[in-house]
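Just below is one structure, and these are the notes that go with it.
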Amino acid sequence: MRRRGGVVLVRTHMKFWSQTFIPTLKETPADAEIASHQLLLRAGLVRKLGGGLYTYMPAGLRVIQKISQICREEMEREGGIELALPHIHPVGNWQQGPRWAAAREIMYRADSAGDGKRPPREPEFVLGPTHEEVITPLVKHEITSYRDLPKNFYQITTKFRNEIRPRFGLMRAREFIMKDAYSFDATDQDAMLSYHKMAKAYTAFFTRCGLKTISVEADTGVMGGNFSHEFMVPAPVGDDDVVYCEKCGYAANRQKATSALGAEGIPDPGQGKIEEFATPGVLTIAALEAPPYGVAADKQFKTLVYMGDGRPFLVVLRGCDDLEEAKLGALGFQLWRAATPEEIEPVMGAKPGSLGTVKGTIKNSGALAGIFADDTIRLVGHGTTGANKDGFHLRDVTWRDLQISQWGDYRRVREGEPCPQQTIGHSCCGQPLKIARAIEVGHIFKLGTKYSEIFGAMFTDDKKQSHPMVMGCYGIGISRTMQAVVEQSNDADGIIWPWSVAPWQVLVVNLDPQDSAASDVANKLAAAAEAAGADVLVDDRPERPGVKFKDADLIGLPLRLTVGGRGLKEGVIEMKWRAGKEVRKVPLADAEREITATVRTAAAP
RNA sequence: CGGGGUGUAGCUUAGCCUGGUAGAGCGCCUGGUUUGGGACCAGGAGGUCGCAGGUUCGAAUCCUGUCGCCCCGACCA
């Protein structure tokens, strides 16, 4: 019994409010700050156990199940094959994989809690934060021939991540529900096809959930891989920044975004005269901007010291720019972090505040793993930088005077910079870029052969040659999607569920549940709505009308039917959309037919 | 992990500065009156003031430590 628009979980039976459990709250819980988090709690959809740990209450679980089912349908449509991988992983799988060092910190150990006497050892088991390290060995054993490719396996399961900072309810949780999929292809071309199929499935999925998303170029992060796109829901409470161009459609995650700033046509400044001058107590860009020095931030070379896999390296930016740390991922280090003053001084010869990379001034440049200069420092021309001598700077320095091992893009893009998009006939689009906050609800990666090579997931082609499979991986935050829908669809009174993911689609408010005539009408209308294909909740609680209407608005079911003594005297019931204002009186005689037609129309895609 | 906040009844909170019997609203229980947008009256139950030390005749209040939670940042679906 498939239905269009919505999905079928199990054969539906109308639910009576008094016989399920929807604990609504009149007041806003103190530890929820954003609208969606407050509404999830107030509407009785979730309850908190601890930071980033939530119970899905009966109504919330129904939403999760509906979103999951829509996801399942769209995955199957694009060839996905559902399975379920273990949550507990032998740590060896991760140690063998490419990102144990970087990922272990966010992973929960899952071995015995111990006898309390011995100190903790290395874990034997970990809880799965994602599953590349498990699916790839599985496929290695099970698939060996090109005849069995391509394959795309997916699952919808709980993931465990020791988030540095859980926040906003389900938005970033320690335990959350995710759909993850892994594609295996014989060729790069086929892998691109798999990638595009997933992009298509994602677009269809989010559209069906009633979410407006945009897809943006993204950083591949700890995942590695060739390239990736994120699916973002624009929202002020999101914790990602999307950089986009209104003219050409360029859109990228801030970690990945670039601009055309300093891209071309900058004259060679030649070498500077380089004069040392005293700057006692000047430790910041701002202090050097101030009188008596008056050096504008964009005329300063800023030198940052980082540690990459235990060795120091330098990044050179304009004084006015910020480093985009994620871009350091391109440098090839497994782990990197800002260096401490104690680590800096022996290498540079000075404390932070007087650092620079002018040739010959670095005390121990042999210790450095590299000096990485951002392309835009060419814009400085003749500028100022630290002398690697506490309390001294150098002026009239150009990039030609600096020691540099590699150029690249390391800076954070700012709003208003020119769009970098390449278009035919023009070197770049050039329109001012905009930046907006967004919630990341999905992410697709083309992984390449990184995992298949490490785990030996090989196949034999039709010429008896052995090759690593080309992989892709694809995630959707199911529980996060639920909250994103609420965040995007609510008003002062409560949630406004889209038809497709509403826990129930029709709410029959029986204002006089003690009255058998009213109850008969209410139950008949509910049965009609259900027969037409809706999930129906009947509010049969012995509450005052005000309470029932307030709760109805709060839990936000799309269509409300009201049955009460006042209407019945006139011979009418009332029909109202949660999203609208109009209350329509429907004569009793027409009610069942009207409801059937209305539900069928709403359920159509 | 760095910065900022906060912890008093199931929920929202007052009291803390200036130490002296812990208060309110919502919710809950009993009875009554109400009955189309979070009713009203009367009565009632419910708190070792996050925890542990300390100062003091006396600590929710002052001090120290610790834990939880919330927000900003780096990271993620």
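Here is the naming used below: chain letters follow the sequence lines, and residue numbers restart at 1 for every chain.
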- Look at the side chain of A:R174 and the base of B:rC76, then say whether one donor and one acceptor between them are separated by less than 3.5 Å. no
- Task: Name the closest nucleotide to the A:L511 side chain, picking from B:rC76, B:rG73, B:rG36.
- Result: B:rG36
- Do the charged groups of A:R318 and A:D374 touch, with an N to O distance under 4.0 Å? no
- Task: Look at the side chain of A:F549 and decide which nucleotide, out of B:rG36, B:rG73, B:rC69, has an atom nearest to it.
- Result: B:rG36
- Item | Spacing between A:L25 atom CG and B:rC28 atom P, to the nearest angstrom | 12 Å
- Would a line drawn from the ring center of A:Y182 to the ring center of A:Y474 be shorter than 6.0 Å? no
- Query: Has A:F176 got its ring stacked on the base of B:rA77, with centres under 5.5 Å and planes less than 30° apart?
  - Reply: yes
- Touch check for A:E230, heavy atoms < 4.0 angstrom, all strands: base, sugar-phosphate only, or nothing? nothing
- Task: Measure from the side-chain heavy atoms of A:R254 and tell me the nearest of B:rG27, B:rG36, B:rC75.
- Result: B:rC75
- Provide, to the nearest angstrom, the distance between the CD atom belonging to A:E27 and the C1' atom belonging to B:rG27. 9 Å
- Message: For a quick check of understanding: with a heavy-atom distance under 4.0 Å over all strands, which category does A:D551 fall into, base, sugar-phosphate or nothing?
- Response: base
- Measure the distance from CZ on A:R47 to P on B:rG10 and round it to the nearest whole Å. 15 Å
- Task: Establish, with yes or no, whether the OP1 or OP2 oxygen of B:rA74 is under 4.0 angstrom from a side-chain nitrogen or oxygen of A:R412.
- Result: yes
- Nucleotide nearest A:K48 when distance is taken to its side chain, options B:rC69, B:rA77, B:rG38: B:rC69
- Task: Return no unless some side-chain N or O of A:K26 is found under 4.0 Å from OP1 or OP2 of B:rG27.
- Result: yes
- Taking the side chain of A:Y54 as its heavy atoms from C-beta onward, which of B:rU13, B:rC70, B:rC76 lies nearest to it? B:rC70
- Message: Is there a side-chain contact between A:Q255 and the phosphate of B:rC75, meaning an N or O under 4.0 Å from OP1 or OP2?
- Response: yes
- Message: Classify A:T481 by what it touches in the nucleic acid, base, sugar-phosphate, or nothing, heavy-atom distance under 4.0 Å.
- Response: nothing
- Looking across every strand, which nucleic acid part, if any, lies under 4.0 Å from A:A173 by heavy atom: base, sugar-phosphate, or nothing? base
- Take atom P in B:rA22 and the same atom in B:rC41, then report the distance between them in whole Å. 27 Å
- Locate the shortest heavy-atom distance separating A:R47 from A:P23; write the atom from each residue and the value. NH2-O, 2.7 Å
- So, is A:R167 close to the B:rG73 phosphate, meaning a side-chain N or O under 4.0 Å from OP1 or OP2? yes
- Proximity to the side chain of A:R544 - top-ranked nucleotide from B:rA39, B:rC72, B:rA77: B:rA39
- Item | Residue A:K550, side-chain heavy atoms: nucleotide from B:rC70, B:rG37, B:rU13 that is nearest | B:rG37
- Task: Select base, sugar-phosphate, or nothing to describe what A:I164 touches, counting heavy atoms under 4.0 Å on all strands.
- Result: base
- For B:rC29 and B:rA45, measure between their P atoms and round to the nearest Å. 15 Å
- Query: Is any side-chain N or O of A:K548 closer than 4.0 Å to OP1 or OP2 of B:rU35?
  - Reply: no
- Message: Using a heavy-atom cut-off of 4.0 Å across all strands, would you classify A:D512 as base, sugar-phosphate, or nothing?
- Response: nothing
- Closest to the side chain of A:R172, out of B:rA77, B:rG38, B:rC71, is B:rA77
- Task: Remember a base hit wins even if backbone is also touched, and classify A:G564 as base, sugar-phosphate or nothing at under 4.0 Å, heavy atoms.
- Result: base
- Message: Need one value for A:Q483: base, sugar-phosphate or nothing, where a base atom within 4.0 Å counts as base even if backbone is also close, heavy atoms only.
- Response: nothing
- The nucleotide from B:rC75, B:rA77, B:rG38 with an atom nearest the side chain of A:M178 is B:rA77
- Message: I need the CG-P distance between A:L323 and B:rG73, as an integer number of Å.
- Response: 17 Å
